[in-house]
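Some notes on the structure that comes next.
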Amino acid sequence: MEAILTLLAVFLTGSQRETRPRMSEFSVKSTIISRYAFTTVFCTMVNSGSEAREAVFEMQIPAAAFISNFTMSIGNKTYYGEVTGKEKKHSNDDKAKMKKPPSPVNGRENGYETFKASVFIPRKMQANFLLHYEELLQRRLGKYEYMVSIRPQQLVGRLRVEVNILENSGIISLEVPPLRNSKHKGNGKAEGDVSPPPSTVIGQTKTLAKVTFSPNVVEQTKIARNGILGDFIVRYDVNRELSVGDVQILNGYFVHYFAPMDLPPLPKNVVFVLDSSASMVGTKLRQTKEALFTILQDLRPEDHFNIIGFSNRIKVWQQDRLVPVTPNNIRDAKKYIHNMSPTGGTNINSALQTGAKLLNDYIAQNNIDARSVSLIIFLTDGRPTVGETQSSKILSNTKDAIRDKFCLFTIGIGNDVDYKLLERMALENCGMVRHFQEDEDAASHLKGFYDEIGTPLLSDIRIDYPEDNVEQVTQNFFPNYFNGSEIIIAGKLINRTSDSLHVEVTASNSKKYILLKTDVAIDLPSTNDIRAVPGLEDGRADQNYIERAWSYLTIKELLNSRLKSNDNQEKEYLTEKAKSMALAYNFVTPFTYLKMREAGIHSEPPHEELISPSTDGIGEKLQSLQGHKAPPGTR
Ligand SMILES: *[C@@H]1O[C@H](CO)[C@@H](O)[C@H](O)[C@H]1NC(C)=O
Ligand SMILES: *[C@@H]1O[C@H](CO)[C@@H](O)[C@H](O)[C@H]1NC(C)=O
Ligand SMILES: *[C@@H]1O[C@H](CO)[C@@H](O)[C@H](O)[C@H]1NC(C)=O
Ligand SMILES: *[C@@H]1O[C@H](CO)[C@@H](O)[C@H](O)[C@H]1NC(C)=O
C-alpha cells in the first residue's frame, strides 16, 4: 500500500511538470467604434501528452465589460455558450455549493474580473477557446483607455493583440504606453519611459487607427519569463466641435456624447474625511499623506475646504466651517495632515455624519458662492468597527444626512475594505467609488482620482430630446460634470427614419443658467468607413453598435438602480427587466449565465463542470457552467 502511494506521488509530480498543456496561440482582436469596444479572445492549448490533461483558460476582463459569447472546442467536440436566465431558487443553491473565493475584492483591484474555464483535453488533442466581451469606454482625465490583460502564464508561440478604432469625429492623442504590470511594483522600467512595448505597430488616419502588438517568444521572455506580461493599453481622445456634443444615430437608436471643455471651473467646497485608524500605519498613511499634499496644492483660490481625521474619535481640523484656500491655510492643513498618526478603530458612521453636518451647515449659510459644487471625499482602509457597524444603518444614516445636497466620493485602500459598502454609499449619493491596493503607486492613484473630480465645470445638467421622437432614454440628468469626463445618453427613436435630432442642454454654470439648443444632423460613419476597419470587412461587427451601446447603458443603469433600491418589489421588477434585456442582447450579467451546449446531434455532456468562477463578481456572472445535452434535432 505504501509503495503504491509513493509511486503515485512520484508519478504525479513528474507528470505535472512535463505535461501541462501548452498554449500555442493567444490572440486578441478588438474593434472600437464610437467608444463601444468589441473584444474577441482566441486561445489554443495543445495536449501533447499521452493521456488527458487539464487545461485552464483564464482571462481577466474589465469589470465594466459584459461577456457576450463563449465557444470552445475540445478535441473534436464543440460547445457553445448560451446566455440563459438564472432561476431564483437555482441560483441560491448554486451559490451555496460554490466555494467563495478568499478575497472578493481581489478581482477588482485594477478594475478586472477573472473569467476561467478548466477542461480536460484528451491525449494528443487540442482545445480552442473563443471569448467575446463588450464595453463602453469611459472618458477619464481627458482620455479613453482600452486595456487588454495579457497573462497567458507561459510563453506563447503565437501571441498577438490587434486593436482597431473607428471614431468618426476624429482620433486625437493616440498613445500606447508601456505594459502595465500590477503585480510587479515599478515594473523595472525607468521612470518616464513612455515608449510602446516592443513589437508594437501603430497606424493611424484621421478617423481610423490600428494598433498591433505581437511579441515573439524572445521578446516575451524579455518582458516576463513567466508569461505574465501585463496590461496592453491604448489611450486616445476624440475631436469635439459642437458644444451640445456629438449625436450618432443608427438603425433607430441614438447615442449622445457630451463633453464640453472650454468652460471656467466652478468653485468647490470639499471636505476630506480620512481614516487614521491603527491599520493605516505604514505605507497606506504615508501614501495618503503624500497624495493629500499634492491635492491641497491643487485646490483653486475660489475653493473652500476642511479635513476630518477619524478613528475611534472624530477630529475636525477647523471647527464648524470651511476655510478659503490661502497660502496660510494650505500650510496649516499640510501641517495637520503631516501630524496625523494612526491609532484606534474605524468609526465610519460618525465620521460621515460629522462631514455631512459640516458641509450642510456651510451650505446653509447665506454667503456661500451660489455657483459652487460641494463634495465629500472619504477614504478608508477598513470596515466599520466602532460606533454604528451595521452597513444598512450606515447607508441610511449617510443618505439621510446628505439628502442629495452634495455628492460623496469614496476610496478604499488595501485588502480589508468593505467594497460593497463603499460602492453603495457612493452610488446612493451621486458619487463614485475607487479601490486601490496598498503599494507605492497608491499616492498617484489617489491623486488621479482626485483629478477626475477636481474640476467641476457644470452642475444640474439636463439633456432633453423631443418627447414625441424618443423613448427609453437612459439617465438624462446629472448633478455634476467634471472636466475630462463625458456624459453619455442613449435612447430609441420613435421615427426610425428621422435624420436629425433636436437636442436641448440646460445646466448651471457661473451663476447663470445656460441653455444650448441644436438640431443635430446625424453624424454617422458610412458603411464604407466601417468596412474599412480591419475585421469589419465582412460587415459583421455589429452594424448595430449604437443599439448595443444603448442596451449596455440601460442594463448598467438597471443594475445600479437595483443596488440602490430597498424595496423588494421594485428590486424584483428591475431584476426582471435587466434579465430580459441581457437575454435579448446576449450579455452575461448578475442575472444571466452561460450554459454550455454541445454542438451536433450525438452529444454527450462534457465530462467536467467546465467553468469555475474565481472571483466574487464573475462568480455571480457565471454560476456553474454545466454541460447540457442538446435535444436531438437541434443544431
Ligand atoms: C457565438 O460565437 C459562435 C462562434 O463564433 C457563433 O457561431 C455564434 O453564432 C455566436 N453566438 C452569438 C449569440 O453571437
Ligand atoms: C471524435 O473523436 C473520437 C475519439 O477520438 C472518435 O471516436 C470520433 O469518431 C471523433 N468524431 C468525429 C466526428 O471526428
Ligand atoms: C480641461 O481639460 C482639458 C484637457 O482635457 C484642458 O486642456 C483644460 O485646460 C481643462 N480645463 C480646466 C478648466 O482645467
Ligand atoms: C420620419 O422622419 C422622416 C425624415 O425626417 C420624415 O420624412 C417622416 O415624415 C417622419 N415620419 C413620421 C411618421 O413622422
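Note that ligands are numbered from 1 as they come in the structure, with each ligand's atoms numbered from 1 the same way. As a basis for the values below, the full set of heavy atoms in this structure was taken, side chains included, without hydrogen atoms, waters or symmetry mates.
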May I ask you to decide if Ile121's main-chain N or O and Asn47's side chain share a donor-acceptor pair within less than 3.5 Å?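 A pair under 3.5 Å: yes.
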Taking the inter-plane angle between the rings of Phe57 and Phe129 on a 0 to 90° scale, is it parallel (under 30°), tilted (30 to 60°) or perpendicular (over 60°)?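 Because their plane-to-plane angle is under 30°, the rings of Phe57 and Phe129 count as parallel.
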Determine the interplanar angle of the Phe305 and Phe272 rings, folded into 0 to 90°, and report it as parallel if under 30°, tilted if 30 to 60°, perpendicular if over 60°. perpendicular
Return the residue, atom name and 0.1 Å-rounded distance of the protein heavy atom closest to atom 13 (C) of ligand 3.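 Scanning the protein heavy atoms, the shortest distance from atom 13 (C) of ligand 3 goes to Pro265 CD, 3.7 Å.
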Ligand-residue contact atoms, ligand 1 with Asn586, heavy atoms, under 4.0 Å: 13 (C)
Between ligand 1 and Asn69, is the shortest N or O to N or O distance under 3.5 Å? yes
Check each of Lys143, Met261, Arg240 against atom 5 (O) of ligand 3 and report the one with the nearest heavy atom.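 It is Met261 whose heavy atom sits nearest to atom 5 (O) of ligand 3.
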Residue Asn483 vicinity, atoms of ligand 3 by number, heavy atom under 4.0 Å: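 Per the distance check, 1 (C), 2 (O), 3 (C), 8 (C), 10 (C), 11 (N), 12 (C), 14 (O).
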Row check, Tyr36 ring normal vs Arg548 NZ/CZ: under 6.0 Å, within 45°: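 Not flagged: Arg548 not positioned over aromatic ring of Tyr36.
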Which residue, Asp298, Leu446, Thr294, forms the side-chain contact (heavy atoms from CB on, under 4.5 Å) with Asp451?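 Filter result, single survivor: Asp298.
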Does the protein put a heavy atom less than 4.0 Å from atom 11 (N) of ligand 3? yes
